[in-house]
Amino acid sequence: MTFILSAGIILAFGLILFCLIKWWNVQCVGVTPVPVFTFIAILFTSGLDVGLIMFPLTEFAGYADVTTSPEYAFSNPLAIEFGYWGFLIWGFYFLTSFYFCVVEPRVKFFEIPFVKLINNIVIVGTCAFTAYLFLINLPWYVPQVGDGESVVFTFYVIVFCVILAAAYSSTDIKYVKILSLASTWMFLGLIALMWANASIGLGEFGTTIGMIGNYFTNIHNFVLPLNDYHEFYLFWWFAWSIMIGQFTSRFVGGLRTWQVLAALLVFPSIPLAVWFAVLYYYHANSLDISTFYSLAMVFVGITFVINSLDSLIRLYSDNMSITVSKFGKWKYIVGNVVALFGLTILFELDFLQIQWIGALVIGIYFACLVYIAVFKRKEVMAIKASPEECAVDFEKIETVH
């Protein structure tokens, strides 16, 4: 699996470089473009899930234990956490967003029936994995429920309700804008709340966040997997990459190719760096997270999960023509809830692995490249702009359902 992952990473970064050289200044316009801030909000909240909120406090100690994991000795826990979530790996999202915005309309590789089937399996599986991550992390953040370690019935009910809310919100695309902006502001509010609770001074914060600079001086170490856990993360990013590209590409609002890359690498990384620095301050100073603050983190985590599941449900249901107009709202909702909750349980029982889904996505990358080289090379090399039918009209999203 490590060889498959490494090959996929090398291919992805090679293709990013090619796209930049070939189409550096092409204007990218999606089918329902939105202003830049809204696009970044949609990308940030759809492209990340509850792991962003719930993982770091459980991981810092492991990254600091260089006796058990000597491969982490080259850096500090905060820089490693940032390296697993920020900057360079958002290049995967740039590659797929650019592809679906500019290239796929000419290639139509994902309209091939077998490719569409595999792609939908990837989307549904990753959708369920998102819910599973939320489920298994609830005991740590809500120890007041159950024994603080086991997944109890109440947590299953919470996850079921979250999936239900996401299925309902996916019935109309107008909820995407509302959810994404609300999730972004709630996340920023959570950062401010946690900062104020810890009474972090600007000097202390500056010292803490400065530790992330070690990531940039060691960025080459984060390209290929450091160990099995880093491999898990990279497969996870691959699993998300195609479907996030499919979803977010429709909202690109006229940015140039290089601006899309810059936006994806820089803008999401800033709040990530601030958030991780605040959490690392809690870890380094052994600060307790009281019930109120842990519940606040769970609440924001819930909005992230709903937002992510909303975008993914809409994506695979559109791909499979499972629409509200075709089946009716409640049949659509019930069908999605049953499927996703069932798959979430399979992940919880270890019948499914996100690494398998990530490997499948890498296979799609290679297959798409071969298909273009054999059948669509001239069409792709002749691309000078986004499809003609795409125009920068920020009002269009208000009329699409």
Side-chain angles (χ1 to χ4, degrees), residues 1-6 8-9 48-89 129-130 132-143 146-151 194 198 204 207-240 269 272-273 275-289 294 297 301 347-350 352-359:
M1 293 290 277
T2 303
F3 174 78
I4 294 173
L5 177 61
S6 299
I9 292 170
L48 292 167
D49 59 22
V50 69
L52 167 69
I53 306 295
M54 294 186 161
F55 271 26
L57 282 176
T58 68
E59 293 177 326
F60 287 134
Y63 299 151
D65 185 4
V66 295
T67 301
T68 304
S69 303
E71 61 272 20
Y72 292 140
F74 72 92
S75 191
N76 61 75
L78 178 54
I80 291 171
E81 189 72 50
F82 181 80
Y84 278 23
W85 286 92
F87 197 71
L88 189 64
I89 45 182
F129 182 72
T130 298
Y132 158 74
L133 284 180
F134 179 58
L135 174 66
I136 63 171
N137 278 280
L138 279 173
W140 199 93
Y141 283 87
V142 194
D147 59 10
E149 296 181 1
S150 306
V151 175
M194 299 287 286
E204 295 170 308
T207 300
T208 303
I209 200 170
M211 296 170 64
I212 292 177
N214 191 260
Y215 161 77
F216 292 98
T217 58
N218 290 281
I219 196 170
H220 57 283
N221 288 315
F222 292 92
V223 175
L224 298 177
L226 293 167
N227 54 22
D228 289 345
Y229 194 58
H230 190 207
E231 188 171 293
F232 156 77
Y233 259 101
L234 291 170
F235 271 125
W236 185 9
W237 279 91
F238 265 111
W240 274 83
S269 295
L272 281 175
W275 172 241
F276 290 155
V278 170
L279 289 184
Y280 188 72
Y281 186 87
Y282 274 79
H283 168 76
N285 293 278
S286 302
L287 300 180
D288 181 51
I289 298 179
S294 62
M297 293 175 72
F347 271 111
E348 210 261 333
L349 296 174
D350 284 334
L352 293 173
Q353 299 281 333
I354 194 64
Q355 291 90 329
W356 303 345
I357 297 175

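Here the closest non-hydrogen pair linking F60 and P77 is O-CB, 3.8 Å.
With Y281 as the partner, the side chain to side chain contact (heavy atoms under 4.5 Å, CB included) test is satisfied by one option alone out of T208, T207, L78: T208.
The side-chain heavy atoms of F238 and I9, taken from C-beta on, include a pair separated by under 4.5 Å. When side chains are defined from C-beta on, L272 does not count as touching F87, because their heavy atoms never get closer than 4.5 Å. Side-chain contact between L279 and M297 is present, with heavy atoms from C-beta onward closer than 4.5 Å.
Taken to the nearest 0.5 Å, the CG atom of L88 stands 10.0 Å off from the CZ atom of F82. Atom CD of E59 is separated from atom CG of L57 by 9.5 Å, given to the nearest 0.5 angstrom. Taking OH of Y84 as the reference point, atom CG of L226 lies at 5.0 Å (rounded to 0.5 Å). How far CD1 of I89 is from CH2 of W240: 13.0 Å, rounded to the nearest 0.5 Å. Here CG of N221 is found 8.5 Å from OG of S75. Values are rounded to the nearest 0.5 Å. Interatomic distance, I209 CD1 to W275 CH2, rounded to the nearest 0.5 Å: 13.5 Å.
Taking the centre of each ring, Y229 and F232 come in below the 6.0 Å mark. In this structure, H230 has its ring center no closer than 6.0 Å to that of Y233.
N76 places a side-chain N or O within 3.5 Å of a backbone atom of M211 that can act as its donor or acceptor partner. When atom types are taken as modelled, the side chain of S6 and the backbone of F3 share no donor-acceptor pair closer than 3.5 angstrom.
If you check the side chains of E81 and Y280, you find no donor sitting under 3.5 Å from an acceptor.
Ring planes of F222 and Y215: tilted class, angle from 30 to 60°.
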